[in-house]
Amino acid sequence: MIANPRKTRSLLRLGPVDLGSLRDDILAIPDSTWAGENALKPNRGYGSLDRTEHIVFRFIRDPRDWRQSADYPQWASWRERIEPVLHAAIRPYGYARAQFPRIMLARMAAGGRILRHKDANPAAFWPHKIHIPISTNDKVRFYIEPEFHHLEVGQAYEVNNLDVHAVDNDGDTARIHLIFECYDPDQPFA
């Protein structure tokens with residue numbers, strides 16, 4: 001598979017996103033829900049994720065193809081609140097028929113790490129990988145080769161997941177991101 005030619009920078013700030021009450025709803029998710037959903041996550045075999053917990057809404061069916069995904073049970077109750085945020089975040093791309101094969105919340109505990117890695121499965125080569133910080137602290141450092149960044153709450157960022165990246169949370173509070181992938185099925189990829 002060929003990498004998306006629009007993935008040219010390690011980190012691209014797409015701009016502010018109005019989270020409205022979604023942020024409060026996410027911060028109110030009980031620990032028991034995080035633990036239960038994390039136990040079922042399809043990406044639990046990714047060793048680089050350390051103690052990061054996930055609530056998965058949508059995920060690819062096959063690690064070789066980003067075009068086929070499945071909804072997870074939590075998506076039905078969150079969809080109306082999350083979809084407008086996804087579309088607002090990717091407005092700079094101008095996609096008329098955006099598709100979102102992976103959508104999830106990721107909570108990294110204080111002291112947590114995501115080890116340096118590149119997303120290596122073929123399904124990661126084409127879609128844009130977008131992060132929207134929901135909660136962070138000033139000691140969270142997002143490494144995207146060759147430098148460290150601090151991602152601000154309420155801003156959307158494209159992370160080039162084909163570059164080496166990692167995260168350290170040396171703060172006293174958890175870091176929570178809404179993470180999703182998107183692509184335009186009308187954009188040729190071959």
I'd like to check [X] versus [Y] (side-chain heavy atoms, cut-off strictly below 4.5 Å). Are they in contact?
X: N137; Y: D172; result: no
X: Q74; Y: T33; result: yes
X: L22; Y: W78; result: yes
X: H149; Y: I144; result: yes
X: Y93; Y: E158; result: yes
X: H150; Y: T136; result: yes
X: T52; Y: H177; result: no
X: R113; Y: D170; result: yes

Q: Would you list the pairs meeting salt bridge (charged side-chain N to carboxylate O under 4.0 Å, His left out) in which at least one residue belongs to residues 117-127, sequence neighbours left out?
A: D119-K129

Q | Within residues 133-149 or reaching into it, pairs that qualify as salt bridge (charged side-chain N to carboxylate O under 4.0 Å, His left out) - sequence neighbours excluded | A | R141-D168

Side-chain heavy atoms under 4.5 angstrom apart, residues restricted to Ile, Leu, Val, Met, Phe, Trp, Tyr: same cluster for [X] and [Y]?
X: I29; Y: I176; value: yes
X: L162; Y: V164; value: no
X: V85; Y: L27; value: yes

Q | Euclidean distance, N160 CG relative to H128 NE2, rounded to 0.5 Å | A | 10.5 Å

Q) Going from CD1 on I26 to OG on S21, what distance comes out if it is rounded to the nearest 0.5 angstrom? A) 9.5 Å

Q. Hey, what else clusters with V153 if you join Ile, Leu, Val, Met, Phe, Trp, Tyr whenever side-chain heavy atoms sit under 4.5 Å?
A. none

Q.
If the condition is side chain to side chain contact (heavy atoms under 4.5 Å, CB included), which residues does R91 pass it with, not counting sequence neighbours?
A. A88

Q | Contacts of type side chain to side chain contact (heavy atoms under 4.5 Å, CB included), residue F100, not counting sequence neighbours | A | L86, H87, I90, A98, I103, F180, C182

(Q) So, applying side chain to side chain contact (heavy atoms under 4.5 Å, CB included) with L151, which one of L11, I132, V140 is it? (A) L11

Q) When you look at D186 and R97, which way does the side-chain contact (heavy atoms from CB on, under 4.5 Å) test go after all the steps? A) CA-CA 8 Å; D186 297 327; R97 294 190 324 122; 2.9 Å; yes

**Q.** Main-chain N/O of F59 paired to R102 side chain as donor or acceptor, under 3.5 Å
**A.** no

Q.
Quick check: Y72 with F57 (ring centres under 6.0 Å apart)?
A. no

(Q) Going by ring pair (Phe, Tyr, Trp, His ring centres under 6.0 Å), name the pairs with one or both residues in residues 155-176, residues two or more places apart or in two chains. (A) H117-H165

Q: Determine, step by step, whether W75 and I82 satisfy the side-chain contact (heavy atoms from CB on, under 4.5 Å) criterion, reporting the C-alpha distance in whole Å, the side-chain angles of both residues, the deciding distance to 0.1 Å, and the verdict.
A: CA-CA 9 Å; W75 185 231; I82 290 178; 3.9 Å; yes

Q.
Tell me the closest heavy-atom pair linking A156 and V17, and the distance in Å.
A. CB-CG2, 3.7 Å

